[in-house]
Every structure is written in structure tokens, then in C-alpha cells.
Amino acid sequence: MQKKWWHEKVAYQIYPKSFYDTNGDGIGDLRGIIEKLPYLRELGIDIVWISPCYCSPLADEGYDISDYYNIDPRFGTMEDMDELIAEAKKYDIGIVMDLVVNHCSDEHEWFRKACENPDGKYGKYFYIEDMKDGKVPCNWRSYFGGSVWEPLPGHPDKCYLHLFHKKQPDLNWENPELREEIYKMINWWLEKGLTGFRIDAIINIKKALPFKDYPADRADGLSKAQNMLADAVGVGDFLGEMRDRCFKVYDAFSVGEVFDEKPEEFANFIGDNGYFSSMYDFSTNIWGRSDKGWYDYKPITPNAYRDCMFAGQKRSEGIGFYSLIIENHDEPRGVSRYIPEDDLSGTSKKALATVMFMLRGLPFIYQGQEIGMENMKFHSIDEVDDISTIDEYQVALDAGYQPDEALKIISDHSRDNARTPFQWSAAPQAGFTTGTPWLRVNPNYTDINLESQRNDPDSVYQYYRTLIALRKNPQYKETIVYGVTTPLWTDQDNLIAFTRSTPEQTLLVAVNFRNEPRTIALDAPYKQPVLNNYAEISGSKTELTLQGYQAVVLEL
Ligand code: TEU
Ligand code: CA
């Protein structure tokens, strides 16, 4: 496996709408990111992925792009973007943008022209089909609920395909002209000095054609899009072409948001000549999911979390580098998902962070994770903005849940958990804005905020800084970045332990993922402690007692 410049880096995801607002309109902006670059440097970040800030009606919060070549005025201007890229360089930070090319917005010029003339050039940029006897071509369900087919505006006899929201028409990648437009756009951005792209929902660009029904998996008579994806062959042809025409030319960093890849194709995705530099390991995020909807999801256990993580280490060993997350803008907060509510504390949050940072892969921190931000408790569906949450609320009601039960379900899973404004300080609105925030600030900001943690050497924030510094420490870097992962003591419940080793060095990572102490026995005394989320390690150098949620890294 070839070494790449980005392997030793640490990445950070910014959800711009909720990061920092500089003009008091309640919406985070690019100037807010520029202002916080010194903060990101202080934390130790090298790569920043910014969720979409292109022109957009924000139906899916920017994942519905109406102009790929401009910045939405709510986020700023192209001058701000140029300044951000240039300023970030001074801090040795590379900017990665979101590449959303499975679909665009129904307000994009291409789609408007397609509606004007479905048989013309732009009609072929989309999937536009004739209705047959008033029936749509197939029974696929959109990721956000309902049929993937919607009547084409102005043409009641025709319909267009949207795997996501109806305001997100799918682009037709089978059309070489469309692909050219996309590559031109990508290269235009890379020419500006971007470090690369995070690539959205990309597996969906290849459809199983011709359109046909699949067995219904819910009472709505529809079938989830994944059933179709399992039959779709040849996504690699598009991805390889995009790599060769764009990413390779600029030696750009690319990280794929890939779900539902075929296991035998894994190496094609992130091997030495992979379609992408890296891709996310979502196995813990999707664990326990159900076709029925969020209401039927199972809560994940520490053992399942461990199994997913170790499987990912094995899958990628010798092939490539996964990107590791505990959360992102589509997920509940990681600390709320992976730690039982009664056990939530600075200590347990540090324990979770230790696992993520000590495994092999590129760590991506999602904004607020570094201060241990938690899920929101929603008291009414009116507090929710996210289209996916609104759909799942209805799905739960349709399944017979009472409104308060449905609220509890979405509180556990909502994408808006991660989208509440960043908690900068204990000032009004968590110091995020001087105006009214677009989404309610989590009321726990008086306890959980950056300002207080900055001054506290024992804070979650300072622990994250330590983890990042450790990854870059010349004494341990090689092992932490490239060392082989070997799981340990997997017969014990709620213990996440493994070694990372190179021929020269072995680090033992042991995380007691429960509230009671436990003892672990080593074959030989360890050399020295490298990291510990407690003040000390009890026991001897061969028999250690780990306290509740104690996490240690030891050099053997
Ligand atoms: O997500 C793709 C995706 O599969 C998710 O929609 C996932 O199914 C969903 O979040 C579960 O609730 C990407 C983006 O990350 C997401 O924000 C967008 O909504 C989506 O693509 C469409 O662009
Ligand atoms: Ca603003």
C-alpha cells in the first residue's frame, strides 16, 4: 500500500449553517469560518470539509444545488470563498468542499430548461419518463419517503426521478454530456486551490435499468432504493472516469460517502488506484437499522460497536485507509448514540474519542464533537427542520405510535441533533449569533461550551487536542498512522482493546466501556503510559485495574 500525504492528517467537518454567524442573521457563514481558522489550528486540524455552501433553495440544507459555480448569499460570496481557501493555506489547512452530483436542485437552470423542453439537450440531463396509463415507471421509494417519481412541472404526462427529495432531481450519469459538465465543474473548483472533495451519496449515480418494480417492503407498496442498487452494475466506470479526469490530475484528496458498495469491489474504491482517496466506514452508524424506519432501529451495544470497528480495520488492512467518524451532519451525536445516557460524562466521551483516534484510518471530527456536544431533546415536531426527520416522524405515526413516542424516536435519530448551532460560549445563543439562530441552540450550552473547556485542562476539548497531538508526535506517529490493528480480549463484554504495532513499536489501547472497574492482565510489564483519561492507572504494570470508562494507551 502506497503512503499518501494525507494519511497522517486530522480532518474536521463544518456544517456552515450552524458553525459561526458573523452578521447576525442567525445563519453561519464563510466569514465565520475564516474567523475561526485560528481555532481550528489550535485544535490541530489539517483538512476542513465544508458541507455545501453553493447556491441552493436549502430544501435539503444545501444538498440541493441550484448553481455549482456560486456561493449562496446566505453563506457569503465567491470572494469570501477565495479568501477562505487562501487564509486556510496560511494555517496549513486544506479546504475540502462537498460534491453533490447524484442530483441537483429543481431550481437549477438545467432542470428548468428540461421542463421547458423535455426532449431537448437538458431533458437528457435527467431521468424523465412517460407515464403509462397514469402510472409511474417503477415502485422505488425515495430516501426521504414516497415514490421516487414526481410529475414533471408543465407536463402531466411525464415524470422525473428523484432518489432523494422531489426538489432533488437525479442527474443522468449515463449521458456523457452531463458527465462532461460535472468534470468541468470539479476541475474549475480544483483550479481554485481546493484540496479536494467529499463526495455525496455517490453510489446512487448508477441505476439498475430499465426501470422495474421490486417486491414491496412496506405497506406503501414501495421498495427501498437499496434493493435496486444491489442490481446496479458498473458504477466503477463512472467513478474511474471521474478520478482520471479530475482528482488524479490535481492530486486531489477525495473521500466518498459510500453506502451499499459491493464487498468484492472494496479495493476498487480505496485501494492504491482507488476511485477515491478514502471513504467513510459507516458500519457502526448503520448497525441496527431496519427497513421499517427509525422507529424499528435497535440501539447499538458496545460489543456491536467494537465488532463493527474491528471488521472495518480488517477490511481495509493492506488495501487503503478508511475515514473514521463517530457522527456527521446526518447522524445523531456520537456520544448520545454510543454511550448510555446515564453514563454520559467527560470521562466516557474521552473514552469514545480514544477508540476513534487510536484505530487505523483518517479521523474526521464533526463540529462540536470536540467539546462533547450531545443530542437535542425535541419537544415538538415544529422544532425540527430536517426533511428526513419530518418523514420519519410520519412513518412512526403511521406505524401506530403516539405523538410523544414518535418525538422520542426522532429525538434519538434526528439529523437535526447534529445541526444545532456550535456552542462557543455561555453567552446568549451559545455565542453562535447575535440574532435568532435558524435552528434552536441546545439548551445545555451553559454547561457544554468551548470557552469553559478551553480553560479547563481536564476538558473533553483539551483531551481531543491531546489525541490530535499524539497522532502527530514523531515518537508514536508511525504506529498510530500505519500500525497493524490486532483486537484483544474480544471474549469480554464492554471492553474495547487492541494493539497497534509496527516492527519497532507496540501500543496497547484498552477502553473499559462500562461504569464498573475491571482488571486486565498483561504478559509483561508495559514500558510507559502514553495516554490516560484518568489521573492515574491503578494496579501493577502487569495487572491493571481500569475504572469505569477508563481509556489508556500504553507502550508495551
Ligand atoms: O446522504 C446520503 C444518505 O444516504 C443519507 O441521506 C441518509 O440516508 C440519511 O441521512 C438518513 O437519514 C447525503 C448527505 O450527507 C445528506 O445530508 C443529504 O441529505 C443526501 O446525501 C442527499 O444529498
Ligand atoms: Ca450569517
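A quick note: this is a predicted structure, and the numbers were derived from the prediction, not measured. Atoms within a ligand are numbered from 1 in the order they appear, just like the ligands themselves. We're numbering straight along the sequence, starting at 1.
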query: Charged N to carboxylate O below 4.0 Å: is that the case for Lys113 and Glu109?
result: yes
query: Lys224 and Asp291: salt bridge (Lys or Arg N to Asp or Glu O under 4.0 Å), yes or no, with the steps?
result: CA-CA 8 Å; Lys224 62 175 178 173; Asp291 284 356; 2.8 Å; yes
Under 4.0 Å to a heavy atom of Phe144 - the qualifying atoms of ligand 1, by number: 19 (O)
Atoms in ligand 1 flagged as close to Asp60, the criterion being non-hydrogen separation under 4.0 Å: 18 (C), 19 (O), 20 (C), 22 (C), 23 (O)
query: Any salt bridge between Glu374 and Lys349, counting N to O under 4.0 Å?
result: yes
- prompt: If only atom types and distance count, is the side chain of Asp231 paired as donor or acceptor with the main-chain N or O of Ala208 below 3.5 Å?
  reply: no
message: When you compare ligand 1 with Trp294, is there at least one nitrogen or oxygen pair between them that comes in under 3.5 angstrom?
response: no
query: Which heavy atom of Tyr54 sits nearest a heavy atom of Asp72, and at what distance?
result: O-CB, 3.4 Å
statement: for atom 10 (O) of ligand 1, nearest protein heavy atom and its distance come out as Arg415 NH1, 3.1 Å
message: Suppose we call two aromatic rings close when their centres sit under 6.0 Å apart. Are His329 and Tyr63 close by that rule?
response: yes
- line: protein heavy-atom neighbour closest to atom 12 (O) of ligand 1 works out as Ser388 OG, 3.3 Å
- request: Given side chain to side chain donor-acceptor pair (under 3.5 Å), test Glu61 with Tyr15 step by step and report yes or no.
  value: CA-CA 10 Å; Glu61 295 304 351; Tyr15 196 68; 4.8 Å; no
query: Excluding waters, how many protein N/O/S atoms sit closer than 3.0 Å to the Ca ion (ligand 2)?
result: 5
- prompt: Between Asp330 and Arg419, does at least one N-O distance fall below 4.0 Å, as a salt bridge requires?
  reply: yes
- request: For Arg198, take its heavy atoms, then give the atoms of ligand 1 lying under 4.0 Å from any of them.
  value: 14 (C), 15 (O)
message: Please list the nearest protein heavy atom to atom 1 (O) of ligand 1 with its residue and the distance rounded to 0.1 Å.
response: Glu257 OE2, 3.0 Å
- request: Please check atom 7 (C) of ligand 1 for a protein heavy-atom neighbour under 4.0 Å.
  value: no
- request: Tell me which protein heavy atom sits closest to atom 20 (C) of ligand 1, plus the residue, atom name and distance to 0.1 Å.
  value: Phe164 CE2, 3.7 Å
- prompt: Does the pair Glu331/Arg337 count as a salt bridge with the N-to-O cut at 4.0 Å?
  reply: no
message: Would His103 count as a contact residue for ligand 1, given that I'm defining contact as a non-hydrogen atom of the residue lying under 4.0 Å from a ligand atom?
response: yes
- request: Return yes or no for this condition: an N or O of Asp330 is under 3.5 Å from an N or O of ligand 1.
  value: yes
message: Below 3.5 Å, N or O to N or O, backbone or side chain included: is there any such pair between Asp200 and ligand 1?
response: yes
- prompt: NZ of Lys292: more than 12 outside heavy atoms within 6.0 angstrom?
  reply: no
- request: Taking atom types as modelled, find out whether Trp424 and Asn449 have a side-chain donor-acceptor pair closer than 3.5 angstrom.
  value: no
message: On a heavy-atom basis, which atom in Ile93 and which in Val48 lie closest, and how many Å separate them?
response: CG2-CG2, 3.6 Å
field: His329 neighbourhood, listing ligand 1 atoms whose heavy-atom distance to it stays under 4.0 Å
entry: 14 (C), 15 (O), 16 (C), 17 (O)
